[in-house]
Amino acid sequence: MPEILEIETYRRLAELAVGRTIAGVSAPDAWFLKGGIDAGAVIDAFTGTTIETTRRRGKLLMLDTSGPVLGLRFGMTGRLLVDGEAAIDSLEYSSDRNDPAWDRFGLDFVGGGGLVLRDPRRLGGVEINPDDEALGPDAWSIGAAGLRDVLAGSKAPLKARLMDQKRLAGLGNLLTDEILWRSALDPVRPANEVDATEVKRLHRTMRRVLDQLDERGGSHQGDLQDQRSRDGVCPRDGAPLERRKVGGRTTYSCPQHQL
DNA sequence: ATTGTGGCCTGCCCGC
DNA sequence: TGCGGGCAGGCCACAA
């Protein structure tokens with residue numbers, strides 16, 4: 001599914017749109033428009049504007065234009081296409097089919113080409129001037145001290161805290177399981193009981209996982225991924241993995257070494 | 001205030 | 001062979 005790595009890949013693709021002027025806006029799916037806007041509003045807001053920069057905060061992709069900011073969210077099955085080219089061919093938990101009927105939002109550029117958000121399950125969305133400040137600091141750039149602050153004073157399960165986008169923006173279910181597995185930390189540990197040494201280890205691991213899985217090609221390329229199934233075993237020590245719901249999400253962890 | 005839960009959306013897979 | 005139930009999780013509304 002799209003997590004911070006995939007959204008960053010989308011952002012790099014969206015760089016192709018910088019400097020181009022929007023000739024037309026296609027918003028066929030009212031459900032996909034968030035923040036109380038309708039198709040007319042989004043068409044009026046962006047038609048004739050020029051895309052100036054791309055930004056990302058966590059899983060939120062923003063296109064700054066000469067008018068308002070266009071905010072794009074991808075849910076768990078959303079993909080981005082620019083000039084007909086997809087940034088990512090195949091997405092975990094999404095369909096491998098590539099059906100234009102799933103196009104929920106699109107921009108046409110002056111001189112040809114365009115940008116399309118294709119989302120089978122319609123869990124993504126489009127927003128005008130999204131409130132990115134409501135999100136926590138970006139997981140890819142936060143420092144160790146920042147991560148300590150994210151965890152401090154919370155009795156919530158460690159995993160739930162890491163996935164709370166208002167506290168820390170970008171991590172989804174697969175990345176979080178991989179990071180905690182490599183960090184040897186139990187996902188259900190109360191966040192405020194992770195000590196200073198462990199926070200440093202967690203931070204170091206998070207950075208390494210993001211850099212490494214970005215190079216490998218996505219959130220689903222973690223070392224734990226192949227064993228994220230009911231009969232999975234820990235790739236490190238061979239113990240049967242534990243399968244639980246943590247923070248409302250299916251969680252795999254090793255009872256042997258994640259403490 | 002914080003933390004937890006249920007529902008939304010839809011394609012796919014499994015078992016009958 | 002077709003059908004139905006369960007599952008996936010990012011996000012939000014709502015409850016405690």
Side-chain angles (χ1 to χ4, degrees), chain A residues 1-10 27-37 56-62 71-80 88-105 117-127 130-136 138-139 149-180 187-194 218-220 222 224-232 243-253:
Chain A
M1 75 224 61
E3 302 185 31
I4 188 170
L5 300 179
E6 284 74 21
I7 309 304
E8 177 61 16
T9 303
Y10 296 165
D29 186 351
W31 161 264
F32 217 70
L33 304 176
K34 309 298 180 183
I37 57 172
R56 181 191 57 74
R57 181 157 178 166
K59 303 173 198 170
L60 172 66
L61 177 61
M62 289 164 285
L72 303 175
R73 297 181 185 276
F74 295 87
M76 81 181 266
T77 57
R79 295 200 282 166
L80 187 72
I88 296 174
D89 290 333
S90 172
L91 209 53
E92 201 79 3
Y93 299 122
S94 188
S95 173
D96 283 340
R97 275 169 54 212
N98 215 355
D99 192 335
W102 297 330
D103 291 359
R104 310 300 181 190
F105 182 79
L117 206 170
R118 185 169 288 173
D119 183 4
R121 294 185 204 177
R122 303 167 79 206
L123 286 165
V126 170
E127 215 174 335
D131 181 15
D132 59 316
E133 292 297 323
L135 294 167
D138 188 76
D149 293 343
V150 167
L151 302 181
S154 169
K155 293 187 286 188
L158 174 57
K159 175 172 175 178
R161 193 73 171 182
L162 292 173
M163 289 182 59
D164 183 345
Q165 303 297 306
K166 295 188 299 298
R167 310 284 179 177
L168 179 67
L171 299 185
N173 201 35
L174 300 182
L175 282 175
T176 309
D177 272 7
E178 175 78 13
I179 290 165
L180 290 173
V188 303
R189 281 264 295 276
N192 61 358
E193 290 178 19
V194 179
S219 304
H220 58 292
L224 182 65
Q225 183 64 29
D226 286 349
Q227 298 300 319
R228 287 185 92 265
S229 65
R230 278 188 169 77
D231 49 359
R243 182 183 191 271
R244 292 174 288 184
K245 286 273 185 207
V246 181
R249 298 290 159 242
T250 304
T251 299
Y252 289 90
S253 63

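In what follows, every chain begins at residue 1, and chains take the letters A, B, ... in the order their sequences are listed.
At least one side-chain nitrogen or oxygen of A:W102 sits closer than 4.0 Å to the OP1 or OP2 atom of B:dG11. Within the 4.0 Å cut-off from OP1 or OP2 of C:dC11, at least one side-chain nitrogen or oxygen of A:K59 is found. For C:dC7, neither phosphate oxygen OP1 nor OP2 lies less than 4.0 angstrom from any side-chain nitrogen or oxygen of A:T250. Put simply, A:R167 has a side-chain N or O that comes within less than 4.0 Å of OP1 or OP2 on B:dT2.
Ion pair A:D99/A:R118 not flagged as a salt bridge, since none of the NZ, NE, NH1 or NH2 atoms sits closer than 4.0 Å to an Asp/Glu carboxylate oxygen. No salt bridge links A:E6 with A:R79; every basic N to acidic carboxylate O contact stays at or beyond 4.0 Å.
When heavy atoms are screened at a 4.0 angstrom cut-off, A:G248 is found touching no nucleic acid atom at all. Residue-level contact check: A:R122 touches the backbone only, with heavy atoms under 4.0 Å from sugar-phosphate atoms and none from bases.
To the nearest angstrom, P of B:dT3 lies 16 Å from CZ of A:R189. In this structure, the CZ atom of A:R104 is 12 Å from the P atom of B:dC9, given to the nearest Å. Rounded to whole Å, atom P of B:dG4 lies 12 Å from atom NZ of A:K166. Distance, A:L135 CG to C:dC12 P: 9 Å, rounded to whole Å. Taking atom CZ of A:F32 as the reference point, atom P of B:dC8 lies 18 Å away to the nearest angstrom. C:dC11 atom C1' lies 12 Å from atom CG of A:L60, rounded to whole Å. For the pair A:Y252 OH and C:dC7 C1', the interatomic distance rounds to 11 Å; values are reported in whole Å. What separates CD1 of A:I7 from P of C:dC11 is a distance of 8 Å, to the nearest Å.
The side chain of A:R243 lies closest to C:dA8, out of B:dC9, B:dG7, C:dA8. The side chain of A:A156 lies closest to B:dT3, out of C:dG9, B:dT3, C:dC7. Picking from B:dG7, C:dA8, B:dT10 the nucleotide with the shortest atom distance to the side chain of A:M76 gives C:dA8. Proximity note for A:R73 (side chain, C-beta onward) versus C:dC12, B:dT3, C:dG9: the nearest is C:dC12.
Annotation: of the two residues near DNA chain B, A:P120 and A:S154, the 5′-most nearest-nucleotide partner is A:S154. Residues A:R249 and A:D164 each lie close to DNA chain B; by heavy-atom proximity, the contact nearer the 5' end of the strand is made by A:D164. When the nearest nucleotides of DNA chain C are assigned to A:F74 and A:K245 by heavy-atom distance, the more 5′-ward of the two goes with A:K245. Toward the 5′ end of DNA chain C lies the nearest nucleotide of A:R230, the other residue of the pair A:E127 and A:R230 mapping further downstream.
For A:K34, the NZ atom is densely surrounded, since the number of other residues' heavy atoms within 6.0 Å is greater than 12.
Side-chain atoms of A:R57 come within 3.5 Å of backbone atoms of A:L135 as a donor-acceptor pair (strictly under, hydrogens ignored). For A:R104 (side chain) and A:G125 (main-chain N/O), no donor-acceptor pair under 3.5 Å exists by modelled atom type.
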Report task. Could you give me the CA-CA distance, side-chain angles and deciding distance for A:R249 and A:D177, then say whether salt bridge (charged side-chain N to carboxylate O under 4.0 Å, His left out) is met? Result -> CA-CA 10 Å; A:R249 298 290 159 242; A:D177 272 7; over 6 Å; no
